[in-house]
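Accompanying notes for the structure given below.
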Amino acid sequence: MRPKILIARAVFPDVIERLAATFEVESNQEDRIYSAAELAEKIRDKDGVFITGSERMTAETIAAAPRLKAICNMAVGYNNIDVDAATAAGVMVTNTPDVLNQTTADMAWALLMAAARRITESEHWLRAGNWKKWTYDGLLGADIHGSTLGIIGMGRIGQAIARRSMGFDMQVIYHNRSRLTPQQEAHANNARYVGKDELLKTADHVMLVLPYSAQSHHTIAGAELALMKPTAILVNIARGGIVDDAALIDALRAHRIAGAGLDVFENEPALNPAFLSLSNVVLTPHIGSASEATRRAMANCAAANLIAALSGAVPPNLLNAAVDLTLRQGA
Ligand code: 8YV
């Protein structure tokens with residue numbers, strides 16, 4: 001009998017065909033969002049599941065799937081999955097690292113540029129018919145070139161962002177759980193390791209590129225925003241919850257910082273409506289990895305992980321190497 005899998009969200013049809021060559025596939029091309037109970041019911045008889053960052057795999061959901069051997073996430077971030085519960089249950093967990101580094105780094109720059117140079121605000125103003133004459137002080141923004149960029153979270157995407165800053169003659173400072181090697185720092189535009197408070201006080205602009213966890217919850221809240229320069233832009237391409245959105249809204253409203261570029265939000269897609277009335281924030285709907293080539297690469301990476309996991313091989317992007325596969329043998 002072929003292993004059974006669930007593809008929990010709509011995905012490229014050729015990726016479904018690829019998976020259907022090996023598995024008995026139940027897919028969700030109508031892209032309905034399953035409730036937790038529906039998801040648990042759908043994976044009850046499945047050997048593997050292909051999910052995106054929007055589906056939560058809690059300890060309860062995993063416990064409801066006695067045959068499940070692999071959870072393959074089409075995302076690099078995996079805070080939607082209780083990895084410890086999966087490991088304890090003998091279930092492999094995989095993600096899609098690397099394939100989205102460059103596209104996501106591009107997006108961080110797009111948000112920084114748009115917020116600093118007030119691009120979306122300008123366009124709304126122009127479309128509303130307000131452009132009658134040139135003025136010396138119209139829509140003045142902040143310079144990017146020559147400024148100091150602070151990056152919190154200096155993994156692969158953070159380093160890709162830092163490398164791009166060379167073309168803008170910028171200094172890079174960073175804060176991370178661990179310090180990079182001297183070679184990595186040199187490669188990342190001679191990035192200099194500093195404490196978080198020093199970064200917030202010194203950087204002209206701050207980018208957040210760290211994974212979400214209980215430890216990184218509200219890394220940026222009122223106290224941190226108060227340390228930033230009033231001319232600074234804050235960019236979040238990482239995860240909702242890393243920033244205290246209510247505190248950021250207060251800071252933007254009071255012009256305690258100049259602006260923000262946000263691709264992720266607490267409780268997304270139901271973002272705090274107060275953001276919508278602020279002109280000094282650029283808002284995008286979690287599209288950091290959304291180029292055609294990268295989304296295809298992510299989908300194929302997740303598919304390759306699932307095929308490897310259910311054929312007895314070690315999946316290329318296994319997150320829980322300590323998993324004891326004998327726990328689910330014969331299931
Ligand atoms: C995804 C992401 O688009 O990879 C991640 O962690 O945040 C995005 O690239 C999203 O999570 C959908 O899976």
Side-chain angles (χ1 to χ4, degrees), residues 5-12 15-16 19 27-29 31-34 39 43 48-58 61 70-83 86 93-111 151-161 207-217 219 235-243 245 261-271 283-306 315-320:
I5 65 157
L6 173 72
I7 304 173
R9 295 294 302 281
V11 71
F12 300 100
V15 174
I16 299 186
L19 289 165
S27 65
N28 176 19
Q29 282 303 76
D31 211 27
R32 236 163 38 73
I33 302 295
Y34 299 140
L39 182 60
I43 61 170
V49 63
F50 178 119
I51 57 169
T52 74
S54 310
E55 285 69 53
R56 293 192 63 216
M57 292 297 288
T58 62
T61 314
I71 299 168
C72 298
N73 207 25
M74 183 184 147
V76 64
Y78 50 89
N79 55 301
N80 55 320
I81 304 169
D82 188 334
V83 179
V93 181
T94 66
N95 68 341
T96 59
D98 293 322
V99 290
L100 45 57
N101 294 349
Q102 303 305 327
T103 298
T104 312
D106 288 349
M107 183 68 191
W109 280 94
L111 286 171
I151 302 177
I152 303 184
M154 199 60 149
R156 291 164 288 209
I157 299 172
Q159 292 171 52
I161 289 170
M207 287 196 188
L208 304 174
V209 204
L210 64 168
Y212 180 81
S213 66
Q215 291 71 43
S216 66
H217 182 74
T219 293
V235 171
N236 186 7
I237 54 150
R239 273 292 178 274
I242 287 174
V243 174
D245 283 355
L262 307 174
D263 189 45
V264 289
F265 305 87
E266 287 188 296
N267 202 28
E268 65 183 53
L271 72 164
L283 308 166
T284 52
H286 203 147
I287 57 167
S289 62
S291 76
E292 167 88 21
T294 292
R295 283 286 167 81
R296 284 193 167 278
M298 291 166 70
N300 276 300
C301 177
N305 279 315
L306 195 44
N317 308 114
L318 184 64
L319 288 165
N320 52 347

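Owing to the predicted nature of the structure, the values given are computational and were not obtained by experimental measurement. Residue numbers start at 1 and run along the sequence shown. Order of listing sets the numbers, starting from 1, for every ligand and every atom in it.
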Query raised in the report: Under the 3.5 angstrom rule, does the side chain of D263 hit a backbone N or O of H286 as a donor-acceptor pair?
Result: yes

Requested in this report: Could you check which of M107, H286, M298 puts a non-hydrogen atom nearest to atom 7 (O) of ligand 1?
Outcome: H286

Query raised in the report: Can you list the ligand 1 atoms lying under 4.0 Å from a non-hydrogen atom of L100?
Result: 4 (O), 9 (O)

**Report entry** Nitrogen or oxygen of G53 less than 3.5 angstrom from that of ligand 1
**Finding:** yes

Requested in this report: Identify, for atom 11 (O) of ligand 1, the protein heavy atom at the shortest distance, and state residue, atom and that distance.
Outcome: A75 CB, 3.5 Å

Query raised in the report: Is the closest N or O pair between S54 and ligand 1 shorter than 3.5 Å?
Result: no

Report task. State the atoms of ligand 1, each with its element, that fall below the 4.0 Å cut-off from a heavy-atom position in T52. Result -> 13 (O)

Query raised in the report: Stepwise, does the side chain to side chain contact (heavy atoms under 4.5 Å, CB included) test hold for M57 with L39?
Result: CA-CA 9 Å; M57 292 297 288; L39 182 60; 4.0 Å; yes

**Report entry** Candidate with minimal heavy-atom separation from atom 6 (O) of ligand 1, of R239, M74, R295
**Finding:** R239

**Report entry** Neighbour count above 12 (heavy atom, 6.0 Å) for R32 CZ
**Finding:** yes

Query raised in the report: Does T96 approach ligand 1 within less than 4.0 angstrom via side chain, backbone, both or neither, non-hydrogen atoms only?
Result: neither

**Report entry** CG on N320 to OH on Y78, rounded to 0.5 Å
**Finding:** 9.5 Å

Query raised in the report: Among all protein non-hydrogen atoms, which one is nearest to atom 9 (O) of ligand 1, and what is the separation to 0.1 Å?
Result: S289 OG, 2.7 Å

Report task. Considering non-hydrogen atoms only, spot the tightest contact between P211 and S216 and give its length. Result -> O-OG, 2.8 Å

Query raised in the report: Between F12 and R295, is there a cation-pi geometry (under 6.0 Å to ring centre, at most 45° from the normal)?
Result: no

Query raised in the report: What about A238: any of its N or O atoms under 3.5 Å from an N or O on ligand 1?
Result: no

**Report entry** Option from N317, T96, N80 for which side chain to side chain donor-acceptor pair (under 3.5 Å) with N73 holds
**Finding:** N80

Requested in this report: Around atom 4 (O) of ligand 1, find the nearest protein heavy atom and jot down its residue, atom name and distance.
Outcome: V76 N, 2.8 Å

Query raised in the report: Does the side chain of Q102 reach to within under 4.5 Å of the side chain of R156, using non-hydrogen atoms?
Result: no

